[in-house]
Amino acid sequence: MNCREHLNQLDTPLEPALLNDWHVVAASDEVVAGTLYPTTLFGRDLVIWRDSQGQAYVWEDLCIHRGARLSKGFIASDKVVCPYHGWNYDGTAQCTLIPASPNETPMKKAKAIAHHVKEAYGLLWTCLGEPEHEIAPYEEWHDPRYKKVVCGPYRFKSGYRALENFMDPTHFPFVHAGVNGILESPDPIGPYDVWEKDGYLHTDEVRLTQPYGDPREVPVIAYYAYKVFRPGVAYFKKRLVISDPERAHEGNEADRFCTFFTMQQVSETESIIRITCAMNFDPQPSDADVRRRQDLVYAQDAAIVDTQRPERIPTDLREELHHRTDLLGMKYRSWLRAMGIRYGAV
Ligand code: FES
Ligand SMILES: [Fe+2]
């Protein structure tokens with residue numbers, strides 16, 4: 001058994017659906033060449049870094065020599081230098097120099113424990129096992145007509161509860177009154193379908209009235225279509241129709257606002273949410289306007305979602321009380337259960 005397999009066996013083994021999946025651990029912009037970034041995923045301490053060529057790395061935050069935290073060290077000439085005895089590790093994770101024996105070629109076993117890395121949609125992803133899926137698709141990211149803005153990080157307790165909240169429009173009039181919904185007249189939610197195709201959950205459009213439904217700050221009728229790609233990755237595409245007749249001319253039939261939502265489970269009850277928004281309407285808002293609005297909305301969400309108990313999400317539908325308007329949440333919980341998800345769940 002190599003070190004990596006050994007680490008994967010430590011504590012409670014992570015279920016294959018999470019171990020062999022891609023998880024966001026940073027925004028690409030957060031990881032600047034020459035700096036070590038500690039982070040935590042599923043309770044495992046990781047260090048992220050980038051070399052002068054722009055290649056990113058995600059390793060266990062642990063020196064194979066005596067177990068010191070690599071993230072307390074530094075980077076010199078594209079090598080990570082351990083803070084304890086100064087062993088140097090290059091981009092292949094191999095130790096290339098033991099300063100106490102500088103003329104020796106370090107043994108092959110002297111390696112940092114590296115994980116798979118990819119960058120997509122302005123985000124940096126890792127897989128702690130062997131990837132069984134591609135990173136979920138995000139068509140609008142590749143479409144030059146769309147402006148993209150990476151927002152977050154947003155701290156939540158349960159990542160699953162944060163994701164379920166992301167695709168639950170019935171909370172809008174209460175949690176986002178005056179922004180995404182109207183407190184005095186909550187939208188009735190008509191029947192909608194949820195189905196599984198290509199391994200994802202999909203919905204058809206859900207119609208909502210939004211006083212300031214997008215960063216243009218115009219009243220809109222919004223039609224949300226959701227997808228849930230993985231336990232920690234979801235998406236919506238919102239079709240926008242300006243409802244104020246005076247401002248209708250500002251809109252266009254093709255107007256869309258999309259959000260690609262990702263969740264990093266730091267522990268079973270702590271998570272970091274990062275999103276990439278894509279929008280194609282004119283005039284395009286500034287990055288700062290988009291972020292200001294998302295910062296507000298996600299802070300409103302966290303203030304309520306973090307009060308939910310139990311903090312770990314129940315995936316058995318006999319727990320908590322479900323209504324037909326919660327159909328997507330119900331399907332999500334059953335889908336997690338069918339995947340064998342235990343981490344962060346009860
Ligand atoms: S613990 Fe890292 S060099 Fe000794
Ligand atoms: Fe919300």
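Computed from a prediction, not measured in an experiment: that's the story for all the values here. Indexing begins at 1, ligand by ligand and atom by atom, following the structure's order.
Atom OD1 is the N/O/S atom of Asp301 found closest to the Fe ion (ligand 2). Looking only at its N/O/S atoms, His65 has ND1 as the one nearest to atom 4 (Fe) of ligand 1.
Checked by atom type, the side-chain pair His23/Gln265 shows no donor-acceptor distance below 3.5 Å. Counting only N and O atoms by type, the side chains of Arg274 and Gln264 include a donor and acceptor under 3.5 Å apart. Under the 3.5 Å distance criterion, with hydrogens and angles disregarded, a donor-acceptor pair is assigned to the side chains of Gln210 and Lys238.
Each of the following atoms of ligand 1 lies closer than 4.0 Å to a heavy atom of Cys63: 1 (S), 2 (Fe), 3 (S).
By the 4.0 Å N-to-carboxylate-O rule, Glu119 lies close enough to Arg50 to be salt-bridged with it.
Side chains of His202 and Lys197 form a contact here, defined as non-hydrogen atoms less than 4.5 Å apart.
Taking 2.8 Å as the criterion, His85 counts as a coordinating residue of atom 4 (Fe) of ligand 1, since one of its N, O or S atoms falls below it. Atom 4 (Fe) of ligand 1 lies at 2.8 Å or more from every N, O or S atom belonging to Cys82.
Summary of contacts: the protein heavy atom closest to atom 1 (S) of ligand 1 is Arg66 N, 3.3 Å.
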